[in-house]
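Remarks on the structure that follows.
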Amino acid sequence: MADPTAVRTQRRFDAARRILRCLALVAPSHCRTEWRREWEGELWQYLAESRSTAAGLSWRLAGALPHALWLRRNEWRLAMLLQDLSYSWRGMRKRPAFAVLVVGMLALGIGATTAMFTIVNSVLLEPLPYPEADRLVAVNGVTDKLPNLNISPLDLIDYRAQNGAFASLAGYSGAPPAVISGDGEAIQETVMAVTANYFATLGIVPFLGRAFDEDEEGGADRVILSYQLWQSRFGGDRNIVGKTITLDDHPTDVVGVMPQVLDRTLGVALFQPFNFRSPHSSVRTWHTLPVIGRLKPGVTIAQATVAMNTVARRLAENYPEDATVRVRLRPFGDVAMGGWTRVLFPLLGAVALVLLIACGNAASLLLGRAASRGQEVTTRIALGATRSDLVRLLLAESLLLSTAGGVLGVGLTFGCIRLVRGMTPGVLPRGGEVAVDARVLVFAIAVATGTGLLFSLAPVLHIVSRAFGRSPNATAGRVGGRIRDFVVGAQVALSLVLLVGAGLMLRSLSELRAVDHGFQAAGVLTAQLSLPTPRYSYVAQGQFWDDFLRDVRAIPGVRDAAGAIRLATATAGGNGPFWAEGHAPINDAAAMTQTAQRNVISDHYFATMRIPLLDGASFDDPANRPSDGVIINQHIAENLFPGERAVGRHVIAAFGPPTPLLVVGVVGDVRSPLTGPLDVMYFPATQMAGFLGHMALTVRTDGAPAGVISSLRRALRSLDRGVPLTDIRTMGDAIERDFALPRSITVILATFAVVALLLALIGIYGALAYMVALRTRELGIRAALGAQRRQLFAMVVRRGMTVIAVGIVVGVAGAFVATKIIQGWLYHVKPTDPRVFGVTVLALAAAGFLACIGPARRATRADPNAALRAE
Amino acid sequence: MPNDKPLSPAATAVLKAIADRVRHGFDIMDDTGLPSGTVYPILGRLERGNLVKARWEPASIAQRDKRPPRRYYEITAAGHRVLSQSITYYRSLGSALRPSHG
């Protein structure tokens, strides 16, 4: 009959033994058995005593792991590690080409990866450089149809007064550029209109002077300068505060200068107070202000959302025409940078692939070297080296190489960053802030260490298994060969993924460029002109443009010229809802679903841009300029009057108060490749006084557009010296600017892909060359037995192409998955586009074949006599 | 080799226990009150410094009691020397820390 106590003791002991068996793996192999026996002996004795409890057992058992770790730690004493390092260093010096090659490839991979991480870190991970930036919140309105409205100024006043969650709520808005004149050349600068508490909300203290007061929010002539403008235009004059400068021909007082940090984040030259009393700000339904708020201490976004929605509901009740149903609060950093997550993280993934391929080459090279160290390894084992000793030696070598690669790579990173800083204004926000900091260095160390461990995995496994394995010699060659095949196959697969990605982007870019814009961009020059308002009454503005266009059209080489308040591709701003007579939308939300851009044009505009006139007449004929006349594009005509003639019909547009308009002409659609067809309503400049202060000039030339620039300047100067001609560029360049982002991504991906391909080809070549070198004797014997050179050649090529083929298959499967990530970047191209895949596979196979040729040729030169002699 | 620096207080306690004929690891734990994660590394260090000698108990005894054999520790002559040095050191420390009268 079993004694229950004894049974329980035995069960507890078995459990403890199982635990000990697992923990025993931590202890070094040579003392593992003894360690286990000692612990088992003690535990049994404890359990055999009657006072033993489960808790007591656990407490005693708890020391087993620290003890095993302590034993393990003694194995890896620092002195031995240093010895290994110095041995590795001497070995490297004896074979410098090998070390240089490995370190070079690693530096490339680590450097590129770290550079990309630096960008990700500075743009996405670093909080905005404002104090307690995590307390900053972006506030948007939400209606039934639209999730992201700005806030109207009147609503902002109410939100400020009635919510308890925000320490401050501020609004900001881009304003038309202003011309600074006075001493020095007249220059147009960017302007931002801000509420008085804007800077305080951000937490920014003026560098000189003060921020705006609330009573200045009524159109006062005050301005705050940016640091950059203060330095460049005003020479860093410390007494600038209180001085008066001439802005748009108004005398304007300078009340302050902002610190440099705003130059990097906002990039605006001038700040003016937002005008709450202008007609634009007095309509509650005009949602014109992006709003940023700073939460009170201790308030969460969720709490603030509740508080703000209470106010929103109250506003909706009191002002039903304002369709804002509720508000949406998001961390300001996310809103400012959010879209870039989808761009930068995939690029980081892509560069990591390049790094992996470089690791593969390093692993191959080390494997090659490992094979030739058989003698050294045997000697070490004979002298008493354990598995741990060997592993430690090999790891020391790899870490030495990867650390050197890491150091060089970080140097490469600094260079890359300088490049990025130079080419990013306009493409990457916060581009000026991209810099290497502590987090980046930690990342670099981690990547270098991880890389070292990764690429040493194969040679370490190979050497140790061969040294201590059961049947060392027979399987060693095959195992080593299989590892190399795997590495090469992986490299081919990874480079295929990158090549497909780059190919898709290239195809997408060419599709973007091929889009018919609806006008002819080639041969058109554009520029911006601002007429300072006090000097030019509305009548004078009209007269100026008449004179100026007449002069420009007289310039030899100019086919035609016209003015418009915005260029054909400018997509932002100036939208208003429209509807057919009798089809008024039920509320503002519905109205906002159908909007058109308002463009005010001079005569000859459609002819200059070569936009086809499809029906009716243009504004060139003075008789065709009724005071309520409008020209619409075909898309609007088809929407409002399907199957009927639009000319002569009436349409209501609400750019201001709803106004009935008469359609006098229909023109072809203008299209932006990135956003699709634009709905535009064209108004004649002669009827739209007040709009001519800031216009764009378009000039169609016979030859190269750049040739007429000096003539244009001359013509302008002869009319008025104080009016600058700015932003001069060809229409083609203006359109290219829209493509800056896809173009940058394509360039980066293509670079990665080419580097990856080169590395992979090196890998293929190296692996085959090594295989041939290893099997020289076998090849010689085959030759001696009558094998033709052709057959030897084919044998090597077949071996190489088999691995490449497998790599391609795996790569295609991987690419199907991976390209889904960049789906959002592609225009008119499916992520599984068969042409791109087909071309890439063929190109890779061909390149791989070429890489096989060298080693295959060497195989044909195998000398049968040498082989037989060696026998 | 025993160095001239005194042992840590924990190591002194362990060595003293061994000198007092507490021979097995878990018993030393009970005697000194230290956890096993402390005691065993100390035993390892003492052994490396030749202050204690570790032996397996005779297999016959283990078989007789029907249990796995246990390892036991004995203090060496060098161990005795170091132990008395350490005890003297800590005693003098203790008297220096005692509040002075007057």
Side-chain angles (χ1 to χ4, degrees), chain A residues 2-3 5-7 9-10 12-21 23-24 26-28 30-53 55-77 79, chain B residues 1-3 7-15 17-18 20-75:
Chain A
D3 174 12
T5 326
V7 166
T9 306
Q10 184 66 43
R12 285 200 182 140
F13 182 67
D14 288 336
R17 261 184 114 190
R18 269 196 295 272
I19 296 178
L20 281 176
R21 196 169 304 155
L23 292 179
V26 175
H30 61 86
C31 48
R32 206 169 278 167
T33 326
E34 266 206 2
W35 176 86
R36 215 155 51 95
R37 286 173 65 206
E38 177 166 6
W39 276 88
E40 280 176 5
E42 295 304 300
L43 282 173
W44 176 269
Q45 185 64 29
Y46 171 71
L47 286 171
E49 294 165 14
S50 52
R51 63 188 173 109
S52 67
T53 63
L57 174 65
S58 310
W59 187 63
R60 279 166 163 71
L61 197 50
L65 181 59
H67 185 211
L69 283 173
W70 181 84
L71 285 171
R72 170 67 68 180
R73 200 191 52 125
N74 282 334
E75 287 280 295
W76 293 62
R77 280 180 295 251
Chain B
M1 302 297 115
N3 45 14
L7 299 175
S8 71
T12 312
V14 168
L15 195 53
I18 297 176
D20 291 342
R21 300 305 188 97
V22 182
R23 307 161 112 210
H24 302 286
F26 275 20
D27 300 333
I28 298 174
M29 272 177 64
D30 290 334
D31 191 73
T32 59
L34 296 168
S36 55
T38 311
V39 167
Y40 275 96
I42 290 177
L43 288 173
R45 250 177 273 147
L46 293 175
E47 198 185 343
R48 243 193 313 151
N50 283 338
L51 303 181
V52 302
K53 226 193 283 288
R55 274 202 270 263
W56 289 99
E57 65 179 359
S60 48
I61 300 184
Q63 267 167 16
R64 182 197 67 202
D65 295 342
K66 293 206 180 38
R67 57 172 175 77
R70 299 173 76 185
R71 209 154 180 245
Y72 67 95
Y73 297 86
E74 283 179 332
I75 191 168

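Numbered from 1 within each chain, the chains take letters A, B, ... in sequence-line order. All of these numbers come straight from a predicted model, not from anything done at the bench.
- For Leu65(A), no part lies under 4.5 angstrom from a heavy atom of chain B.
- Ring-plane geometry between Trp39(A) and His67(A) is classed as tilted, the angle between the planes lying from 30 to 60 degrees on a 0 to 90 degree scale.
- In this structure the side chain of Leu7(B) never reaches within 4.5 angstrom of the side chain of Val14(B), judged on heavy atoms.
- Within the 4.5 angstrom heavy-atom criterion, only backbone atoms of Leu34(B) (N, CA, C, O) approach chain A.
- Residues of residues 61-68 of chain B lying within less than 4.5 angstrom of chain A, judged on heavy atoms, are Lys66(B), Arg67(B), Pro68(B) in numerical order.
- Residue Glu42(A) touches chain B through both its backbone and its side chain, counting heavy-atom pairs closer than 4.5 Å.
- Between Tyr46(A) and Thr9(A) there is no side-chain heavy-atom pair separated by less than 4.5 Å.
- Summarising the geometry of Leu20(A) relative to Arg36(A), their closest heavy-atom pair is O-CD, 4.1 Å, with the distance given to 0.1 Å.
- When heavy atoms are compared at a cutoff of 4.5 Å, Trp44(A) approaches chain B solely by way of its side chain, counted from C-beta outward.
- Using a 4.5 Å heavy-atom threshold, the side chains of Leu61(A) and Leu23(A) count as separate.
- Val39(B) is not listed as a side-chain neighbour of Phe26(B), based on a closest heavy-atom distance of 4.5 Å or more.
- Trp59(A) is listed as a side-chain neighbour of Met29(B), based on a closest heavy-atom distance under 4.5 Å.
- The candidate from Pro69(B), Ala54(B), Ser36(B) with the greatest count of non-hydrogen atom pairs under 4.5 Å with chain A is Ser36(B).
- Side-chain contact between Arg23(B) and Val52(B): absent, with no pair of heavy atoms (C-beta onward) separated by less than 4.5 Å.
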